[in-house]
Number of protein chains: 2
Amino acid sequence: MGITERKEREKEQRREEIIAAAQKVFFEKGLQLATMDEIAEAAELSKGTLYLYYKSKEDLYLSVIMRGAEIMYEFFEKATATNEPVLKLISNLGDSYFEFFQKNRQYFRMLYFRDNPQLHKQVSQEVLQVCLEQDRRIWKLVIDLIQRAIDEGYLQKNIKPVQAAVILWSSSTALMQQIDRNDNYWQEQMGVNLEETLRLSNSLLLEAMMTDKGKLEYHSIVI
Amino acid sequence: MGITERKEREKEQRREEIIAAAQKVFFEKGLQLATMDEIAEAAELSKGTLYLYYKSKEDLYLSVIMRGAEIMYEFFEKATATNEPVLKLISNLGDSYFEFFQKNRQYFRMLYFRDNPQLHKQVSQEVLQVCLEQDRRIWKLVIDLIQRAIDEGYLQKNIKPVQAAVILWSSSTALMQQIDRNDNYWQEQMGVNLEETLRLSNSLLLEAMMTDKGKLEYHSIVI
DNA sequence: TGATTAACTGACTTGCGGTCATATTACGAA
DNA sequence: TTCGTAATATGACCGCAAGTCAGTTAATCA
């Protein structure tokens with residue numbers, strides 16, 4: 001019987017259509033200002049139907065975020081899948097994070113709005129699970145890369161890869177958030193280019209973590 | 001005529017009473033879950049009265065945030081008002097930021113919720129102005145200190161003080177946000193102490209910006 | 001003491017997230 | 001083709017909370 005399968009497909013498609021509509025509205029208005037009626041209208045469905053597919057507005061929001069996380073992961077995978085030296089890969093990873101940010105600002109914003117503790121009232125356990133798994137996967141990619149750089153003698157042995165990952169990640173994210181929100185202010189009032197500042201921050205941190213061997217290699221490759 | 005003055009004082013006092021009540025409720029529930037009725041009840045006033053003193057819930061929220069910013073500034077002033085060497089002052093500044101965070105988590109959370117773009121619909125121009133001024137004052141304190149360290153030859157001359165300030169500030173803030181939200185996760189699942197990571201991040205960045213003279217001084221002072 | 005202004009109140013309006021009784025459609029058996 | 005049943009979809013409705021405003025109370029002054 002292919003009918004139940006077709007139904008399954010159609011159901012999945014409905015879910016996708018709803019997500020697409022929700023994304024459109026969330027991109028335009030943000031979580032607070034977007035309304036379920038508006039999303040329903042965009043999806044050409046009634047509001048009640050949305051709730052047959054998603055538990056709540058927040059659930060929908062998180063589902064859209066997950067699309068963003070998937071895209072981000074693809075950026076990272078692509079950036080680190082070459083045969084270049086590991087330090088170059090780490091540098092590429094930083095660049096690809098920035099590239100993701102520039103090409104997907106809306107997603108970037110949503111991803112870091114997720115951390116907002118106000119959320120998480122009525123989110124389906126399933127969506128939350130996928131969320132965690134995506135996080136884990138991204139962290140693993142970063143941490144493994146750093147571990148490799150340590151193993152190969154480019155980064156100092158006394159640095160814990162998880163620590164290094166958190167440090168690099170946090171500062172990059174925070175600076176991109178600054179760029180997203182206040183780039184003009186810093187540029188015009190303070191005369192500082194934040195994109196350049198981000199690059200500086202990354203290379204300061206990375207170099208500070210390197211062995212002599214690493215520094216040598218880094219300067220020959222990146223600069 | 002002392003009456004208009006007394007009235008003025010009483011009005012100011014009302015504003016303070018309302019803020020205090022609002023703070024209590026916001027601390028307990030956060031922006032979303034706190035209701036104006038609840039705040040009114042805590043202030044022993046009717047809801048309508050709140051709106052005579054504040055334009056909106058967000059306006060109230062921002063006003064509470066400003067209290068937090070004031071306290072934070074006092075931490076910073078105290079930490080940098082001694083006669084210690086400038087590198088020690090910068091190190092103290094980092095410590096005092098963390099101390100502020102630990103002793104005033106609620107304020108810390110609110111301060112960085114402010115950046116959320118969802119806000120700022122119905123906020124009085126006056127409150128927004130004070131907000132900007134407070135920001136400016138804090139940045140000035142940090143930037144001036146770094147400028148001094150450059151002038152005295154402890155930090156590299158080619159580093160822009162504003163850039164250094166943004167870098168140090170961003171990474172500190174981002175790591176404290178991690179600590180605030182996910183400390184347990186990193187500690188238990190990843191075996192990493194984020195407080196130690198924060199200190200590491202700060203010293204990596206700071207050292208990377210130092211001159212040889214600076215490094216010498218730094219190691220004799222801080223370690 | 002009465003008039004005028006300032007301060008305060010809470011019932012009401014509006015808007016939105018979420019629900020549910022009802023309607024519509026799709027399917028399969030007779 | 002027809003009818004019963006289940007799956008899907010609908011939108012009127014509910015509850016709640018932000019914000020408003022006509023009316024009340026309190027303070028000040030002539």
Side-chain angles (χ1 to χ4, degrees), chain A residues 1-22 25-26 28-64 113 116 118-124 127, chain B residues 1-19 21-22 25-26 28-64 116 118-124 127:
Chain A
M1 265 297 150
I3 283 176
T4 48
E5 287 158 25
R6 198 205 66 214
K7 285 240 170 175
E8 206 53 48
R9 264 205 324 281
E10 280 174 0
K11 209 164 176 175
E12 193 48 43
Q13 200 176 333
R14 264 274 184 283
R15 276 185 73 90
E16 286 300 318
E17 284 166 22
I18 291 172
I19 281 281
V25 177
F26 283 138
E28 276 166 20
K29 308 251 177 133
L31 174 60
Q32 318 284 346
L33 271 51
T35 69
M36 289 301 270
D37 283 301
E38 210 174 349
I39 294 170
E41 169 138 14
E44 295 175 304
L45 288 168
S46 73
K47 184 161 63 162
T49 304
L50 300 189
Y51 286 93
L52 295 176
Y53 291 87
Y54 295 90
K55 263 210 170 70
S56 65
K57 188 179 169 183
E58 290 182 357
D59 205 26
L60 245 178
Y61 195 75
L62 261 196
S63 300
V64 176
F113 180 71
N116 197 304
Q118 252 71 45
L119 220 66
H120 313 317
K121 283 177 295 189
Q122 190 77 288
V123 175
S124 71
V127 171
Chain B
M1 267 298 150
I3 283 177
T4 47
E5 287 159 24
R6 197 205 67 213
K7 285 241 169 173
E8 205 54 48
R9 265 204 322 281
E10 282 176 357
K11 209 163 174 173
E12 193 47 45
Q13 199 175 332
R14 264 277 185 281
R15 278 185 70 92
E16 285 301 317
E17 285 167 19
I18 292 172
I19 281 282
V25 178
F26 283 138
E28 277 167 18
K29 310 250 178 131
L31 174 59
Q32 319 282 348
L33 272 51
T35 71
M36 289 301 269
D37 284 301
E38 210 173 350
I39 293 170
E41 170 138 12
E44 294 175 305
L45 287 167
S46 74
K47 184 162 64 163
T49 306
L50 300 189
Y51 286 94
L52 296 176
Y53 291 87
Y54 294 91
K55 264 209 168 72
S56 66
K57 188 178 168 184
E58 291 182 356
D59 205 25
L60 245 178
Y61 195 75
L62 260 196
S63 300
V64 175
N116 199 302
Q118 253 70 45
L119 221 63
H120 314 317
K121 282 177 296 187
Q122 191 74 288
V123 175
S124 71
V127 170

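Within every chain, numbering begins at 1; the chains are lettered A, B, ... in the order of the sequence lines, protein sequences first and strands thereafter.
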**Study point:** Heavy-atom side-chain contact between A:Met36 and A:Leu50 under 4.5 Å
**Key:** yes
When rounded to whole Å, the CD to C1' distance for the pair B:Glu41 and C:dT9 reads 15 Å
Between OH of B:Tyr51 and P of C:dC12 the distance, given in whole Å, is 18 Å
Correct closest heavy-atom pair for A:Ser46 and A:Ala40 would be C-CB, 3.8 Å
Separation of D:dG15 atom C1' from B:Asp37 atom CG, nearest Å, is 14 Å
Quiz item: Given side chains that start at C-beta, do those of A:Arg14 and A:Glu17 come closer than 4.5 Å, heavy atoms only?
Solution: yes
When rounded to whole Å, the CD to C1' distance for the pair B:Gln13 and C:dA6 reads 17 Å
A:Ile39 atom CD1 is separated from C:dG18 atom C1', nearest whole Å, by 13 Å
Between A:Ala22 and A:Leu60 the two heavy atoms that sit nearest each other are CB-CD2, 3.6 Å
Taken to the nearest whole Å, CD/B:Gln32 to P/C:dC16 is 15 Å
Atom CD of B:Glu10 and atom C1' of D:dA26 are separated, to the nearest Å, by 12 Å
- Query: Does D:dA27 have OP1 or OP2 sitting under 4.0 Å from an N or O in the side chain of B:Arg6?
  - Reply: no
Here the distance between atom P of D:dC16 and atom NZ of A:Lys57, to the nearest Å, is 18 Å
Look at the side chain of B:Lys57 and the backbone N and O of B:Ala34, then say whether any donor-acceptor pair between them is shorter than 3.5 Å.
yes
Practice problem: Would you check, one step at a time, whether the test salt bridge (charged side-chain N to carboxylate O under 4.0 Å, His left out) holds for B:Glu41 with B:Lys47? | Solution: CA-CA 8 Å; B:Glu41 170 138 12; B:Lys47 184 162 64 163; over 6 Å; no
Practice task
Look at all strands and tell whether A:Ala34 reaches a base, only sugar-phosphate, or nothing, counting heavy atoms closer than 4.0 Å.
Solution key: sugar-phosphate
Tabulate atom names and distances for all N/O pairs under 3.5 angstrom spanning the protein and nucleotides 7-14 of chain D.
residue : atom : partner : partner atom : Å
D:dA9   : OP1  : A:Arg14 : NE           : 2.8
D:dA9   : OP1  : A:Arg14 : NH2          : 3.2
D:dA9   : OP2  : A:Tyr53 : OH           : 2.7
D:dT10  : OP2  : A:Ser46 : N            : 2.9
D:dT10  : OP2  : A:Ser46 : OG           : 3.4
D:dT10  : OP2  : A:Thr49 : OG1          : 3.0

